[in-house]
Protein chains: 2
Amino acid sequence: MADGISRSGGTEHEVLAAVLQVRVGSLQVLLWQRAREPHAGRWALPGGRLRPTEDVETSIRRQLAEKVDVQQLAHVEQLAVFSAPDRVPRPPRVVATAFLGLVPCDVDPAVPADTAWHQVAELPPTAFDHGAIVLRARNRLRAKLSYTNLGFALAPRKFTVSALRALYSAALGYRVSATNLQRVLSRRGLLEPTGHTAPSGPSGGRPAALFRFTGKGLEVTDPFAVLRPPRAAKDDAGE
Amino acid sequence: MADGISRSGGTEHEVLAAVLQVRVGSLQVLLWQRAREPHAGRWALPGGRLRPTEDVETSIRRQLAEKVDVQQLAHVEQLAVFSAPDRVPRPPRVVATAFLGLVPCDVDPAVPADTAWHQVAELPPTAFDHGAIVLRARNRLRAKLSYTNLGFALAPRKFTVSALRALYSAALGYRVSATNLQRVLSRRGLLEPTGHTAPSGPSGGRPAALFRFTGKGLEVTDPFAVLRPPRAAKDDAGE
DNA sequence: CGGGTTTTCGACTTAGGATCGAAAACATGG
DNA sequence: CCATGTTTTCGATCCTAAGTCGAAAACCCG
């Protein structure tokens, strides 16, 4: 049976990350343009091969911090394994562990010359199966925005409700009501007023109050009822 | 940068599955007892090494169908990658893609002599990191029972509401109300009466109506509101 | 046919999301 | 300095859906 201890070889393992950020009102992903074959000229996700002494989480963080200057990732989580035998054209066969990474919208990390942000809704030609990975990342983000407080990873430390509304709208792809957003997040105990206000815009208007997310880690905000243990129990739930 | 095309070697890839089933009122997992070192005598998850021509989904299905007789899996999904460098004691290093498998409670697949079901709540000594994988699988199941119709994978094709209640209770680990369960699932359009009734038990009582799950695939049943696109949009959402 | 048992269904309560509109707070121009 | 326009904020209301309870229905048995 499964022994987990023997030799076959021929299978490489790489880690990839779809790093998402809301920029100028749209959800974008960090891609770099391949110079060499295969798929020269196409756009690929940052990442690289797994080293013998690191686990996949450590590896993707190293690759992102090292090759692309992205220290300020607010969140990183496993997405899925992509393992179609022909996902890279030539041998050796490469299995990829894909990650979702999120960057707050108030930073603009320096990136190498071959690297750029692209709208998720309008991807350039992508290398290998990276296009599919980006879509999976977007879907995961959208789902989790609804039932977790993952939004904190897209927002600056302090923000106005309307700025947050713009973030959610961009990530989700449809309009959201600022009123409702604030009330929902507040009642879940995720939103907290800082007491300060932002300067009002060039066309006047009431100055907006600044909020921050409360440090609640990454909790599932009450998935459903069906049967709720009176008021307790909440393991990782995770992905 | 990440090329995904070059050689390093030394990293194996295996697939593992935590196959869960509700048996005699408790959530159990399929394990086999290792005969050889390392970890001889401890209990391990079914699985094995990834072959060069198959993806991980294909591989885990093959291994389960081949080595342990489990054709009737109602559901299989990726769980996570486990990649701690020392997760298996001796080199070569082995990265594992773990799966969650679900078996309806009305079947009792034949298993080899070294294989048995164990209560998830009371695991025997497990090999490698397999204990942690089982817990992750249980948590994933619990979370998804709330906001998807994953319950269908634990239930027989036809069932009574009280049987379904027992299933949910066992899987979730706390009592659930039959009344509410039926109403919630019905309103979500997941439950459908067959028109038939089950024979009443030995102590009498009103005969229970038989239900079945409607074939709605594996949908996320309205995660949250925050902002709902009027009534549409629902990609994979996935994990 | 009455007592015990289990299921089923309706009614009510409670919680939380969706919507709307008025009031508050600021800037600008006359 | 006031009227106007703009943006945010907050309360009030509506509505959907989950949580709870209890009575009625449907069966068995003696």
Side-chain angles (χ1 to χ4, degrees), chain A residues 145-149 151 158-169 172 174-211 220-232, chain B residues 145-149 151 158-169 172 174-211 220-232:
Chain A
L145 278 182
S146 290
Y147 60 93
T148 71
N149 54 351
K158 298 177 177 186
F159 48 85
T160 67
V161 173
S162 40
L164 193 63
R165 187 202 64 80
L167 275 182
Y168 272 74
S169 294
L172 290 170
Y174 50 82
R175 289 233 156 264
V176 315
S177 145
T179 297
N180 203 31
L181 183 64
Q182 174 179 6
R183 208 172 37 71
V184 168
L185 294 182
S186 296
R187 206 202 340 261
R188 290 181 189 168
L190 305 180
L191 221 51
E192 196 179 46
T194 66
H196 303 154
T197 63
S200 54
S203 58
R206 175 173 176 169
L210 287 172
F211 289 82
V220 173
T221 52
D222 252 319
F224 254 101
V226 181
L227 357 123
R228 216 177 294 164
R231 273 294 175 181
Chain B
L145 277 183
S146 289
Y147 61 92
T148 69
N149 54 351
K158 299 177 176 183
F159 50 84
T160 68
V161 173
S162 41
L164 193 63
R165 186 201 66 80
L167 276 181
Y168 272 74
S169 295
L172 290 170
Y174 50 82
R175 289 234 156 266
V176 316
S177 146
T179 298
N180 203 30
L181 183 63
Q182 173 179 8
R183 205 169 41 69
V184 168
L185 294 182
S186 296
R187 219 180 35 65
R188 289 182 190 168
L190 305 180
L191 220 50
E192 196 179 46
T194 66
H196 302 154
T197 63
S200 55
S203 58
R206 174 172 176 169
L210 287 172
F211 288 82
V220 173
T221 53
D222 252 319
F224 254 101
V226 180
L227 0 118
R228 216 176 294 165
R231 276 293 176 182

Counting just side-chain N and O atoms, does [X] come under 4.0 Å of either OP1 or OP2 of [N]?
X	N	answer
N180(A)	dA18(C)	yes
S177(B)	dG19(D)	no
R187(B)	dT16(D)	no
Q182(A)	dC10(D)	yes
R183(A)	dC10(D)	no

Could you measure the distance from the [atom1] atom of [X] to the [atom2] atom of [Y]? Nearest 0.5 Å is fine.
X	Y	atom1	atom2	value
L181(A)	L164(A)	CG	CG	5.0 Å
K158(A)	L210(A)	NZ	CG	7.0 Å
N180(B)	R165(B)	CG	CZ	12.5 Å

Figure out the [atom1]/[atom2] separation between [X] and [N], and round it to whole Å.
X	N	atom1	atom2	result
L164(B)	dT8(C)	CG	P	12 Å
L185(A)	dA18(C)	CG	P	11 Å
L181(B)	dT20(D)	CG	P	13 Å
H196(B)	dT7(C)	NE2	P	19 Å
R188(A)	dA15(C)	CZ	P	17 Å
L190(B)	dA17(D)	CG	P	13 Å
R165(A)	dC10(D)	CZ	P	17 Å
R175(A)	dG17(C)	CZ	C1'	20 Å

Taking only distance into account, with no hydrogens and no angle test, what donor-acceptor pairs under 3.5 Å do side-chain atoms of residues 197-206 of chain B form with protein atoms, sequence neighbours excluded?
none

Interface polar pairs with nucleotides 26-30 of chain C, N/O, under 3.5 angstrom:
{"residue": "dC26(C)", "atom": "O2", "partner": "G205(A)", "partner atom": "N", "Å": "3.1"}

Closest non-hydrogen contact found for A178(B) with V161(B) is O-CG1, 3.7 Å
Of all heavy-atom pairs linking F211(B) and T194(B), the shortest is C-CG2, 3.8 Å
Picking from dC9(C), dG17(C), dA18(D), the nucleotide nearest the side-chain atoms of T179(B) would be dC9(C)
Contacts of S186(A) meeting side-chain contact (heavy atoms from CB on, under 4.5 Å) (sequence neighbours excluded), chain-then-number -> Q182(A), L191(A)
